[in-house]
Amino acid sequence: MEESARTVLDFSSDVVISLHSWQRRTPLPEELFERAALDPAEFWLRVAHQVIEWIEPPTQSLQWNPPSSGSLPPWVAWFADGKLNVAQNCIDRHVRTWRRNKAAIIWEGEPGDTRVLTYYDLYREVQRCANMLRSLGVSKGDRVTIYLPLIPEAAIAMLACARIGAVHSVVFGGFSAEALRDRINDSQSTVLITADGGWRRGAIVPLKRNADEALRQCPSVRHVVVVQRGVMESDNVPMQEGRDHWWHQLMTHSDVTCPCVPLSSEDPLFILYTSGTTGKPKGQLHTTGGYLTGVTATTQWVFDIADEDVYWCTADVGWITGHSYVVYGPLANGATVVMYEGAPDYPDRDRWWALVEKYGVTIFYTAPTAIRTMMRWGEEYVQRHDVSSLRLLGSVGEPINPEAWMWYFTHVGGRRCPIVDTWWQTETGAIVIAPIPGRTALKPGSATFPLPGYRAVVLDEAGSPVPAGERGYLVLEQPWPSMSRTIWGDPERYVQTYWARYPGKYLTSDAATCDQDGYFWLLGRTDDVLNVAGHRISTMELESVLVEHPAVAEAAVIGRSDAIKGQVPVAFVTVRESHRNELPEIGEELKQYVTERIGAVARPAEVHVVVELPKTRSGKIMRRLLRDIAEGRVLGDTTTLADPAVVEQLKEKYRGEE
Ligand code: PRX
């Protein structure tokens with residue numbers, strides 16, 4: 001197996017941290033684990049009955065025809081005869097109890113403006129929004145694209161779609177007009193919900209302007225709803241007559257009663273786009289009953305959320321973490337969720353800790369890249385605040401190096417809070433490998449064990465389990481309720497990407513190793529997908545954008561290890577003869593070009609203009625070599641190179657720039 005570009009974790013599998021005095025607030029009976037091991041499908045059906053309010057409870061658990069039997073999708077179904085509504089589970093069932101006036105969302109904008117929505121507020125707003133969507137012609141199965149800052153309207157819009165069976169596609173507000181356009185066109189959304197803009201580090205993110213640019217090439221969109229976030233005067237927001245409407249105006253005229261539509265368990269809930277190994281993002285389709293079961297149960301097991309908790313996951317709703325662990329999982333559990341719109345260092349580097357103190361956050365979930373950034377800034381910023389309300393910490397998105405783990409544990413958690421390192425993916429919908437706090441002894445840097453109901457293994461190329469301590473492919477051996485059901489519009493790609501390599505088993509595309517105690521250690525991606533600050537970026541997607549630039553003849557993008565972001569993209573390009581005179585500026589221009597075409601998350605850290613890319617005799621670009629060069633490692637075997645002089649030239653170039 002090819003060594004991934006990530007730094008292999010420098011772990012010691014002997015360090016074990018057990019916090020004996022730490023008590024769960026939500027008890028987990030031992031019987032749960034026994035049942036899960038005995039019969040996972042039966043176990044999940046029981047969990048589905050326990051954690052969900054069904055309109056018609058399912059009698060069926062899993063229906064599963066693995067692809068080896070020759071069938072094409074739909075070939076997996078969970079709880080197929082059950083009927084439910086996700087909004088009912090996240091709102092209505094709480095409104096019937098004392099939670100009616102409990103804070104559901106405590107929101108703070110970057111400038112410091114605040115809003116608190118109780119479950120009853122959410123109940124009213126979501127119904128109004130659902131009626132608003134109906135008045136714009138949205139009905140069951142129609143797609144609605146949501147392109148918003150991290151404001152409560154994002155959750156309201158998602159839940160309103162769920163209420164009427166419309167399928168939402170949330171596009172991260174940091175994505176460019178083109179990225180938005182492609183996602184709208186792929187999903188064929190009829191309505192777009194956006195805002196005048198949002199705040200990021202004191203600057204305006206011009207969402208409506210991006211949306212207008214995108215919409216020039218989105219014939220499916222009939223209506224645009226614009227939330228007035230108030231970043232600019234409404235007179236400065238151009239509104240297209242007949243197409244564009246202000247959210248607040250439509251909401252005022254919408255009825256406040258909109259009953260939940262009973263949906264089948266396998267009805268679609270949302271599409272979320274994620275990078276894969278081609279230039280085209282994949283629309284992962286998640287369905288209703290299985291997804292909600294997965295996120296609701298794992299929120300209980302892993303975050304131990306109880307009514308007394310104030311829970312804050314720092315992810316944006318534009319990513320799967322925001323879907324599953326900002327909106328659906330916590331709200332289905334009746335939790336109080338903190339949402340913060342802006343940057344962690346605005347106005348100063350202590351903003352997050354100021355928020356933890358102000359709202360008395362008890363459970364805090366973030367990404368390793370953020371922890372490493374805070375570590376670099378120094379612990380003085382945490383120490384400015386009383387963060388003793390914290391009782392549990394979480395990590396997601398990339399492997400957490402033991403050093404960052406220990407810093408988080410010591411300086412944020414005061415050595416009293418367990419850290420749940422949660423491994424999962426957009427495709428898995430919910431957490432798969434993570435500690436169960438209060439039960440699992442922790443090893444810094446390890447996501448520990450698969451949760452109940454999952455079977456994870458580390459396999460070699462041939463499909464045999466690798467011995468303890470050896471590196472292999474992480475594979476999930478059986479379906480689980482919150483798995484993505486297909487790639488929107490491309491079922492064949494879904495089967496090929498995930499289920500064909502080891503027929504009937506799910507290929508995660510992550511490398512992993514299991515130590516002698518059975519702990520899982522995640523070692524990064526095995527495909528051409530980079531993990532930049534916890535975000536998935538496809539090298540192919542970057543390359544196809546770069547070659548669309550008129551100056552670029554060929555492009556190769558690789559990931560280089562980075563102390564803060566985990567990985568950063570590095571591009572090697574050859575330039576067309578006709579553009580030779582632009583060479584001095586081309587690097588900056590291409591970085592800007594990628595930012596405009598995809599978004600700042602994909603901006604290359606370096607662009608190297610080379611005379612030729614190193615290729616094998618059959619013409620394949622030698623990425624491994626480029627990685628070695630970018631990371632300054634000793635060169636590997638170059639005998640397959642068509643023109644070895646190219647390597648020397650590349651090495652020279654790299655040295656020259658150091
Ligand atoms: O490589 C793994 C990494 O993030 C990938 C999934 O990215 P995405 O679909 O954007 O979802 C991110 C949030 C769940 C995985 O294939 N990854 C995620 N969590 C971890 C991780 N790698 C190591 N440890 C983790 N805890």
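Start at 1 and go down the list; that is how both ligands and their atoms are numbered. The analysis underlying the following values was restricted to heavy atoms, covering all of them including side chains, and did not include hydrogens, waters or symmetry mates. Everything numeric in this text was worked out from a predicted model, so none of it was measured.
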Glu470: partners by salt bridge (Lys or Arg N to Asp or Glu O under 4.0 Å), with sequence neighbours left out: none
is_close_aromatic(Tyr454, Trp424), centroid dist under 6.0 Å: no
Amino acids in close contact with ligand 1, where any non-hydrogen atom sits under 4.0 angstrom away: Ile320, Thr321, Val396, Gly397, Glu398, Pro399, Asp421, Thr422, Trp423, Trp424, Gln425, Thr426, Asp510, Leu522, Arg525, Asn531, Arg536
For Glu178, salt bridge (Lys or Arg N to Asp or Glu O under 4.0 Å) partners two or more places apart: Arg181, Arg597
Pairing residues for Arg416 by the salt bridge (Lys or Arg N to Asp or Glu O under 4.0 Å) criterion, not counting sequence neighbours: none
Distance flag, aromatic centroids of Tyr365 and Trp312, threshold under 6.0 Å: no
Close aromatic pair by centroid cut-off 6.0 Å: Phe520 and Phe449: no
